[in-house]
Amino acid sequence: MSGGGILYHQRVLVLGETRSGKSELLNHLFSTLRCQRILLDTKGGEWGIPGVEPVHSVEAIDWTAPIIHLVTQTDDPMEMEPVFAIARERKRPISICAHEMGDLCNFSAQRTPPNISAYISKGGAWGCGFMGGSQRPVEMPVRGKTEVQHVFVVVPPQGDDELLAIARIGIGVSKGQLQEMLQQAQAEHGPHSFIWFRKGYSEPIICKPLPEHLRRKNIVERKTPA
């Protein structure tokens, strides 16, 4: 599997439990993009990108840099909102990545700040892409579920509420069918395997875990324990 089927301005979701391999898959997809990229590090320095000095405020961002690594200082999603506003206003090819989308709304889907919601729902027309991960799809921004083109679901199956929330994204399967597919992927390919749902395609793709040669190409490294 590679990120070759994903365009820089699209919306991508990677969903799965902690330690499922969700973050590694998201980092792989982020690494394959060939546009300006922003990594939102909402856990106070969980990630590192070799050769990229992290910044700790929106004011410190160099918008000419090919890769921007912003380490947030609070749990307030309003701290990140100007990033989405500026990125959308610039109308240039860019993609923003957040490993836990619940942090963009403080885990209250209906309270997503307006510029974050507008970026996710309308930014694609201006070349503004988004990649997000979550282990709590019930508690992530609403637009992050309704505007998505690619959904990756990593084994093992999550709880009933999470599976139902994923099925309601519009991936073409019911909660029960999704659970069966994840169980099949886990039985056939083991931990870190996943299913790739592409809107507009009738058949999802059951994928083996990322091979070592692809994982070595990830530009994002974990700095703190999962």
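Since the structure is predicted, the reported quantities are computational estimates derived from the model, not experimental observations. The first residue in the sequence is number 1, and the count goes up from there. What you see below is based on every heavy atom in this structure, not just the backbone, and it leaves out hydrogens, waters and symmetry mates.
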Electrostatic pair [X]-[Y], nearest N-O below 4.0 angstrom:
{"X": "K22", "Y": "E17", "value": "no"}
{"X": "E139", "Y": "R136", "value": "yes"}
{"X": "K223", "Y": "D41", "value": "no"}

Indicate whether any N or O donor in one side chain lies under 3.5 Å from an N or O acceptor in the other, for [X] and [Y].
{"X": "E79", "Y": "T74", "answer": "yes"}
{"X": "R90", "Y": "Q36", "answer": "yes"}
{"X": "S121", "Y": "E147", "answer": "no"}
{"X": "Q184", "Y": "E188", "answer": "yes"}
{"X": "D62", "Y": "T64", "answer": "yes"}

Restricting to non-hydrogen atoms, name the atom on I61 and the atom on I68 that form the minimum distance, rounded to 0.1 Å. CG2-CD1, 3.5 Å
Within this structure, what is the [atom1]-[atom2] distance for the pair [X] and [Y], rounded to the nearest 0.5 Å?
{"X": "R198", "Y": "F152", "atom1": "CZ", "atom2": "CZ", "result": "9.0 Å"}
{"X": "Q179", "Y": "L164", "atom1": "CD", "atom2": "CG", "result": "11.5 Å"}
{"X": "D103", "Y": "L40", "atom1": "CG", "atom2": "CG", "result": "9.5 Å"}
{"X": "W196", "Y": "I206", "atom1": "CH2", "atom2": "CD1", "result": "14.0 Å"}
{"X": "H9", "Y": "I94", "atom1": "NE2", "atom2": "CD1", "result": "14.5 Å"}
{"X": "T18", "Y": "E100", "atom1": "OG1", "atom2": "CD", "result": "8.5 Å"}

Do M131 and R11 have side-chain heavy atoms sitting under 4.5 Å apart? no
Any chance CD of E212 has more than 12 other-residue heavy atoms, nucleotides or ligands included, within less than 6.0 Å?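 For E212, atom CD is crowded (more than 12 foreign heavy atoms under 6.0 Å).
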More than 12 heavy atoms from other groups under 6.0 Å of CZ on R143: no
Measure up the Y119 and F84 rings against each other and bin them: parallel (under 30°), tilted (30 to 60°), perpendicular (over 60°).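 If you compare the ring of Y119 with that of F84, the planes turn out perpendicular.
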Stepwise side chain to side chain donor-acceptor pair (under 3.5 Å) test for Q73 and H56: CA-CA 7 Å; Q73 303 302 296; H56 298 85; 4.5 Å; no
Could R34 and Y8 be counted as a cation-pi pair, given that NZ or CZ must be under 6.0 Å from the ring centre and within 45° of the axis?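 Not flagged: R34 not positioned over aromatic ring of Y8.
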Using side-chain contact (heavy atoms from CB on, under 4.5 Å), reason through L182 and V154 one step at a time and then give a plain yes or no. CA-CA 8 Å; L182 288 167; V154 186; over 6 Å; no
Mind checking whether H99 and W47 have ring centres under 6.0 Å apart?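 That pair passes the under 6.0 Å test.
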